[in-house]
**Student:** 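I have a structure here, written as structure tokens, and I will follow up with some questions on it.
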There are 2 protein chains.
Amino acid sequence: MKKATIKDVAQLAKVSISTVSNALNGVNVVKPQTKARILSAAHQLNYSPNLMGKQLRSGQTNMIGVFTDSVAGPYFYQLIETISQAAAAKNYGLSVTLANNHTALMNSLLGNTCDGAIIFDHRVDDRDLEHLAGQEIPAVMLDRPVSGDHLSSIVFDSFNESYLATQYLLQLGHQRIGYLAGYDNNRDNHERFTGFQRAILSAGLSLEDMVVLKGLFEEQAAYDAVKTYLATETAQPVTAFLAGNDLSAIGAIKAIQAAGHQVPKDYSVIGFDDIEIASYFDPTLTTIRNPIAKQGQLAVTELIRLLTTKQWGQQQVLPGDLKIRASTGKR
Amino acid sequence: MKKATIKDVAQLAKVSISTVSNALNGVNVVKPQTKARILSAAHQLNYSPNLMGKQLRSGQTNMIGVFTDSVAGPYFYQLIETISQAAAAKNYGLSVTLANNHTALMNSLLGNTCDGAIIFDHRVDDRDLEHLAGQEIPAVMLDRPVSGDHLSSIVFDSFNESYLATQYLLQLGHQRIGYLAGYDNNRDNHERFTGFQRAILSAGLSLEDMVVLKGLFEEQAAYDAVKTYLATETAQPVTAFLAGNDLSAIGAIKAIQAAGHQVPKDYSVIGFDDIEIASYFDPTLTTIRNPIAKQGQLAVTELIRLLTTKQWGQQQVLPGDLKIRASTGKR
DNA sequence: ATCCTAAATAAAAACGTTTTTATAATTATC
DNA sequence: GATAATTATAAAAACGTTTTTATTTAGGAT
């Protein structure tokens, strides 16, 4: 049995398709008796409306689209989980699109498959955003601050978080700190690094005394970098590491332990993100926790605001907080 | 500027919409010169096709839909990540739909928004599956074995995995084992429990000597259950726990440690799933690892087979393997 | 030039809906 | 018991595409 259309229902109920549409969509003009007949026919045929037809005609999808290049890692599922709940509360469906390449991404973004988009995808550049805005598709960016018509962003205050984390290490008495950098072109990495530098300078210390290693946001890369560093004897070695994220912090700790030292006795280590592992790892990881849930909720609220009021978008910057655990201690 | 349609492109290029369609979709009948004109017009107008129109007319979406009630937890993102890659390799887009209630779910599933579905959602019951099959929407189920027309399933061999895990504990010399049960209505829980029971009986032991606690697949619940159990002095206490999943295993270990005992010296603990935390936890967790990546790949392959050959579906059961780490030891 | 064929383009139909407009049926008013 | 007003239903248009069918144009052969 092929999928039944509204025509089939109309035929079976001996009625026109417009009446079926009205009956099914609760437009209160159809006689109870006919409505019952239609409902029964629809049920009998297992009818469910074709969403393409529906959305094409009505011009709206009642869907929020999340566009991302990867769902890997705890950050994403926490984020998506809250977005899902917030969207449901506002009676929007949620569809997460994982596009493999840039054209597929833009086609799906510009293809009117959702009323508005939440974007966490580094492949979307400024020109793409212009297209979006030009076609009046409201979007909320989560990976970098933007603003413009139909465009908002909700990002974390990476600079300040890093500044505070560095201050905390300095306060514990660490004078020489190693920074485990992430990807070069990454906004968070850049912000965190400048936050780190600013805190050092504000404390009257010299950047010359600090060490920058390549952690690349990965456990293995961080492990290798720290291992190599520890192997080269220095007159005045670093006593703490500020890692670009939790994974590289874990890599650093493993390298430190592998070299026969202890955390936090010999070296303090601090990460970013507060991923799930952070509180299960031994030692539990001091880290900066981002308000992921809040970001997700705000993204939905803001998108719906753009959708309904058609106002100019806005930037929002969320502060994170330092979660002190067992991987940091006094020098 | 409103979104440009194929009509606008046609008008600007001084050509009919069918020619535009042909030019844009690479149908090789349009003169190079006109094609260039059309492409230029499309570019100039920032044209991108409306997918609803496209899909409505062509009757296919080139999309695989993943339907689930939750993306929480490492299992899902690993699964979705592999599904995404497998789909991309076969030139299918991926759309993950998180529906909040049953009607929304079924509407979206039956709404022709994708060519085929991969379903991981306990809310989809047998009647729903009949509807699906009746409307010729191919689907692959991941949370329980089914078969039928247009329907396949790829599940883990929970029974056997549990049987092997229990055998391993017995082999280590544990004669009394506690089972930390999950949700009552959960298939995995049921399979795992019967696997456990069968292994006990096969070894000639009595189920009377075993203890069943409610772990509910959660860390906290497991913690509480084990804490309570340990507090009640028994003549012949359990020396090992088989937990329904890794989270409850971790809860159990924490409770054991909190009561002043050691793992694996005093109690061995074994989990299921091999979540990310399992190898970071202290002690690292012995667990049964499911081939999640394989499940994802197979799901896509099988769905595409259903899609293209229109054959009767099939069941597939994947074996997991025991990952021995530090949370288990000889009695 | 005339006709034929092939190539290129255009026109029209179709997909499944909702929405707008038109018609039919019922009820109310006098 | 006719007409107006209201209510219920039907018909037609529209959404943006692709696809099928029709028409025009160009190029050869006669």
Side-chain angles (χ1 to χ4, degrees), chain A residues 2-39 41-42 45-63 107-108 110-115 135-137, chain B residues 2-39 41-42 45-63 107-108 110-115 135-137:
Chain A
K2 260 279 183 242
K3 187 169 157 54
T5 73
I6 198 173
K7 254 187 202 161
D8 302 319
V9 177
Q11 207 162 1
L12 182 61
K14 295 192 196 310
V15 96
S16 79
I17 61 166
S18 28
T19 308
V20 175
S21 177
N22 282 332
L24 259 37
N25 293 318
V27 180
N28 216 11
V29 293
V30 35
K31 198 153 60 172
Q33 189 186 338
T34 1
K35 182 167 180 174
R37 215 168 64 235
I38 292 171
L39 255 45
L45 294 171
N46 271 338
Y47 171 73
S48 72
N50 179 310
L51 293 182
M52 322 253 87
K54 206 175 167 112
Q55 294 169 358
L56 175 58
R57 169 62 224 214
S58 70
Q60 60 171 340
T61 63
N62 248 79
M63 278 275 168
N107 267 340
S108 139
L110 296 171
N112 291 68
T113 51
C114 59
D115 293 348
Q135 319 214 146
E136 306 191 0
I137 298 175
Chain B
K2 261 279 181 241
K3 187 168 158 56
T5 73
I6 199 173
K7 252 184 201 165
D8 302 320
V9 177
Q11 206 163 1
L12 182 61
K14 294 192 198 308
V15 95
S16 78
I17 61 166
S18 29
T19 309
V20 175
S21 176
N22 282 332
L24 258 36
N25 293 318
V27 181
N28 217 10
V29 293
V30 35
K31 197 153 61 171
Q33 187 186 339
T34 358
K35 182 166 180 171
R37 216 169 62 236
I38 291 171
L39 256 44
L45 294 171
N46 271 338
Y47 172 74
S48 71
N50 179 310
L51 293 182
M52 321 252 90
K54 205 174 168 117
Q55 294 169 358
L56 176 58
R57 168 64 223 211
S58 69
Q60 60 172 341
T61 63
N62 250 82
M63 278 274 167
N107 267 339
S108 138
L110 297 170
N112 290 68
T113 50
C114 60
D115 293 349
Q135 321 215 147
E136 305 191 1
I137 300 174

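Below, chain A is the first sequence line, B the second, and so on; all start at residue 1.
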**Student:** Test for a donor-acceptor pair under 3.5 Å between the base of C/dA11 and the side chain of B/Ser18, counting only N and O atoms.
**Tutor:**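 Looking at the base of C/dA11, it does pair with a donor or acceptor on the side chain of B/Ser18 (distance under 3.5 Å).
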**Student:** From CZ of B/Arg37 over to P of C/dA8, roughly how many Å is that when rounded to an integer?
**Tutor:** 14 Å
**Student:** Heavy atoms under 4.0 Å, any strand shown: does B/Asn25 hit a base, just sugar-phosphate, or nothing?
**Tutor:**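 Answer is sugar-phosphate: B/Asn25 comes under 4.0 Å of backbone atoms only.
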**Student:** Starting at atom CG of B/Leu24, determine the distance to atom C1' of D/dT17, rounded to an integer number of angstrom.
**Tutor:**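 About 11 Å, once rounded to whole Å.
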**Student:** In Å and rounded to the nearest 0.5 Å, what is the NZ to CG distance from B/Lys3 to B/Asp8?
**Tutor:**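 Going from the NZ atom of B/Lys3 to the CG atom of B/Asp8 covers 10.0 Å.
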**Student:** Could you give the NZ-to-C1' distance, from B/Lys31 to C/dT9, as a whole number of Å?
**Tutor:** 9 Å
**Student:** Whole angstrom is fine here: how far is it from CD in B/Gln55 over to C1' in D/dT19?
**Tutor:**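 Computing the B/Gln55:CD to D/dT19:C1' distance gives 17 Å.
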**Student:** Find the distance A/Leu110:CG to D/dT17:P and express it as a whole number of Å.
**Tutor:** 12 Å
**Student:** Where the side chain of A/Ile6 is defined as all heavy atoms beyond and including C-beta, which of D/dA11, C/dT17, C/dT9 is the nearest nucleotide?
**Tutor:**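 In terms of side-chain proximity for A/Ile6, the closest of D/dA11, C/dT17, C/dT9 is C/dT17.
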**Student:** So what does A/Thr5 touch, heavy atoms closer than 4.0 Å: a base, only the sugar-phosphate, or nothing?
**Tutor:**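 It contacts sugar-phosphate atoms only.
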**Student:** Would you sort out whether A/Val15 and A/Val20 count as a side-chain contact (heavy atoms from CB on, under 4.5 Å), showing the intermediate values?
**Tutor:** CA-CA 7 Å; A/Val15 96; A/Val20 175; 3.5 Å; yes
**Student:** Just checking B/Leu51: base, sugar-phosphate only, or nothing, at a heavy-atom cut-off of under 4.0 Å?
**Tutor:** nothing
**Student:** Just the rounded figure in Å: distance from C1' of D/dA10 to CG of A/Asn22.
**Tutor:**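 Rounding to the nearest Å, CG of A/Asn22 and C1' of D/dA10 are 11 Å apart.
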**Student:** Working to the nearest 0.5 angstrom, can you tell me the gap between B/Leu39 CG and B/Leu24 CG?
**Tutor:**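 Between B/Leu39 CG and B/Leu24 CG, I get 6.0 Å after rounding to 0.5 Å.
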**Student:** Using whole Å, what does the distance between atom C1' of nucleotide D/dT17 and atom NZ of B/Lys7 come to?
**Tutor:** 11 Å
**Student:** So which atom in B/Leu56 and which in A/Leu56 form the shortest heavy-atom distance, rounded to 0.1 Å?
**Tutor:** CD2-CD2, 3.5 Å
**Student:** Is it the case that the side chain of A/Asn50 and the backbone of A/Met52 share a donor-acceptor pair, with hydrogens and angles ignored and the cut-off at 3.5 Å?
**Tutor:** yes
**Student:** Between atom CZ in B/Arg57 and atom C1' in C/dT17, what is the gap in whole Å?
**Tutor:**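 It works out to 15 Å between those atoms.
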**Student:** I want to verify a distance call: between C/dC15, D/dT9, D/dA13, whose nearest atom is closest to the B/Leu56 side chain?
**Tutor:** C/dC15
**Student:** Looking only at the side chain of A/Tyr47 (C-beta and beyond, no hydrogens), which of the listed nucleotides D/dT17, D/dA12, C/dT17 gets closest?
**Tutor:** C/dT17
**Student:** Please state whether the phosphate of C/dA8, meaning OP1 or OP2, lies under 4.0 angstrom from any side-chain nitrogen or oxygen of B/Thr19.
**Tutor:** no
